[in-house]
Protein chains: 2
Amino acid sequence: MCRMARPRKPLLSRERIVGAASALVDAEGLDAVSTRRLAGELGVSGPSLYNHFRNKEEILDAVADAVSAKVDLSMFEESDSRDWRTALHDWAVSYRAALTEHPHVVPVLARGPGRRPAALRVADAVFGAMVRAGWPPAQATRIGALMRYFVTGSALGSFARGFVDDERAYDPCRYPHLGQAHLLAERQEEIDEGAFDTGLRALLDGLAAQYEKVAVQASRTGAARRDGP
Amino acid sequence: MCRMARPRKPLLSRERIVGAASALVDAEGLDAVSTRRLAGELGVSGPSLYNHFRNKEEILDAVADAVSAKVDLSMFEESDSRDWRTALHDWAVSYRAALTEHPHVVPVLARGPGRRPAALRVADAVFGAMVRAGWPPAQATRIGALMRYFVTGSALGSFARGFVDDERAYDPCRYPHLGQAHLLAERQEEIDEGAFDTGLRALLDGLAAQYEKVAVQASRTGAARRDGP
DNA sequence: ACCTGAACACCGTTCAAGT
DNA sequence: ACCTGAACACCGTTCAAGT
């Protein structure tokens with residue numbers, strides 16, 4: 001008899017919804033999140049969610065932003081002593097760690113920051129720190145972009161997981177070099193991490209070489225150092 | 001009266017289905033592809049598709065593989081004269097071009113080669129060519145992986161498109177360095193291509209530096225050059 | 001304001017029935 | 001073998017109705 005349509009204290013909140021949605025995504029993947037299923041986990045009926053979010057996409061955006069919020073940005077603070085290269089490295093490692101902890105969220109996150117606050121904070125911090133380090137703004141934009149390409153690409157397309165653990169799938173006549181490919185699945189973590197480390201190092205080495213030419217020159221003219229001491 | 005359940009010539013074929021699905025994905029995105037809608041475009045009822053594909057996922061896999069088949073692999077042929085660095089560069093450019101022509105397919109493709117023949121041919125060609133060039137097999141695997149991270153990441157997460165074309169979205173107090181972010185959307189293509197070029201160059205520069213150390217040494221011992229002339 | 005059930009217009013997939 | 005309509009168990013979202 002106490003089944004009222006509206007309780008005194010709200011049953012739902014944005015936080016509770018995002019929490020349940022995150023748990024569901026992590027446990028069973030994006031496809032497992034339906035408004036009815038999610039509402040069920042929260043002990044509530046489907047349409048109730050629409051009192052707190054405009055639609056399902058907004059819920060998943062919030063889930064993705066919660067992951068972005070876990071990315072360490074301390075290396076980009078002005079008070080931090082790390083140089084731009086080390087900062088970029090440490091950030092990329094932290095970024096990737098956040099994504100690989102929630103692999104099912106990566107497709108949502110990879111679409112770009114959009115209006116998600118935590119993702120925007122990330123973009124802002126990287127860009128600001130690179131400019132402060134002496135990179136011309138156009139280059140700083142590119143660095144933010146290409147680092148995101150690499151990190152999200154590495155988290156989304158786990159290379160090793162992309163192969164099937166089935167020897168017969170890789171006909172040695174058609175794919176003469178893939179004789180060991182079915183073994184990749186087993187050593188997934190090791191291979192993806194090795195590829196990530198190798199690529200990150202190469203990327204930073206290459207950027208450092210470019211920095212010699214373009215950034216030093218820019219700091220000499222002073223054009224890109226309005227905020228430097 | 002001629003409405004028979006089964007015509008003399010099949011109405012459908014895998015090719016026709018993949019063609020229609022590709023057109024639909026390119027024109028309206030992945031979400032536009034439902035089995036009923038797709039069947040409708042082909043003048044047929046929904047369940048008919050299941051005579052040619054086991055399920056919808058298999059159809060989208062075929063669509064993705066048709067994109068992979070467009071990637072140029074000629075630079076990896078033994079008869080080709082390009083060195084490993086140039087080959088990797090040209091391949092990455094061709095790979096990215098194929099993906100950006102069909103941006104809605106990238107999420108499917110980014111999951112990895114799985115059992116898709118064209119994607120496997122790509123992985124096979126890269127790995128084989130890198131080993132032939134003197135890279136130790138473990139490094140060749142990593143190179144294939146990290147290049148894929150970067151290329152698919154760049155095609156999936158179009159950096160510039162990821163921002164909203166709305167100045168009010170980027171509060172200058174919270175994001176002090178994103179004052180121009182709303183302009184990114186307009187210059188999307190230019191920025192993404194610049195970031196891709198910069199990143200690709202950095203990546204290859206970095207790998208070349210590493211090649212000096214590891215690959216030359218390997219070729220000296222002869223361990224990784226079983227197939228060399 | 002916040003929750004409900006009913007309803008609308010969809011889904012992917014199975015299956016017996018047709019030829 | 002290959003297509004059909006009917007059916008099953010779902011979707012996301014809207015909305016009037018309740019408190």
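Order of the sequence lines sets the chain letters (A, B, ...), proteins ahead of strands, with each chain counted from 1. Below, all heavy atoms of this structure are taken into account, side chains as well, without hydrogens, waters or symmetry copies. In this text the structure is predicted, and so the values were computed from the model without any measurement.
- In this structure a side-chain-to-backbone donor-acceptor pair under 3.5 Å is missing from A:Y95 to A:R148.
- Taking CG of A:L204 as the start and NE2 of A:H89 as the end, the distance is 7.0 Å to the nearest 0.5 Å.
- For the atom pair OG1 (A:T141) and CE (A:M130), the distance works out to 12.0 Å, reported to the nearest 0.5 Å.
- Between the CG atom of B:L183 and the CG atom of B:L178 there is a distance of 11.5 Å, given to the nearest 0.5 Å.
- Going from atom CG of B:L60 over to atom C1' of C:dG12 covers 12 Å, rounded to whole Å.
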## Note on the structure
Pairing string of DNA chain C (Watson-Crick or G-U wobble, both atom distances under 3.5 Å; | = paired to other strand) is ||.|||||...|||||.||
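- The distance from atom CG of A:L11 to atom CG of A:L42, rounded to the nearest 0.5 Å, is 9.5 Å.
- Partners of A:F127 according to the ring pair (Phe, Tyr, Trp, His ring centres under 6.0 Å) rule, which considers only residues two or more places apart in sequence or in another chain, do not exist here.
- The ring pair (Phe, Tyr, Trp, His ring centres under 6.0 Å) search around B:F76 returns B:W91, not counting sequence neighbours.
- Using a 4.0 Å cutoff on non-hydrogen atoms, the parts of residues 48-57 of chain A near DNA chain C are A:S48, A:N51, A:H52, ordered by number.
- For the OP1/OP2 pair of D:dC3 and a distance below 4.0 Å, the side-chain nitrogens and oxygens of B:S45 include no atom meeting the criterion.
- Legend: salt bridge (Lys or Arg N to Asp or Glu O under 4.0 Å) pairs involving residues 65-74 of chain B, not counting sequence neighbours, sorted by first then second residue: B:D65-B:R116.
- On the P atoms, D:dA9 is 22 Å away from C:dA9, given to the nearest whole Å.
- The interatomic distance linking B:K9 (NZ) with D:dC3 (P) rounds to 13 Å, in whole Å.
- Of the residues in residues 14-41 of chain A, those with a non-hydrogen atom less than 4.0 angstrom from any atom of DNA chain C are A:R36.
- Between B:Y149 and A:Y149, the gap from one ring centroid to the other reaches at least 6.0 Å.
- In this structure, A:F150 and A:F196 have parallel ring planes: the angle between them is below the 30° cut-off, well short of the 60° mark.
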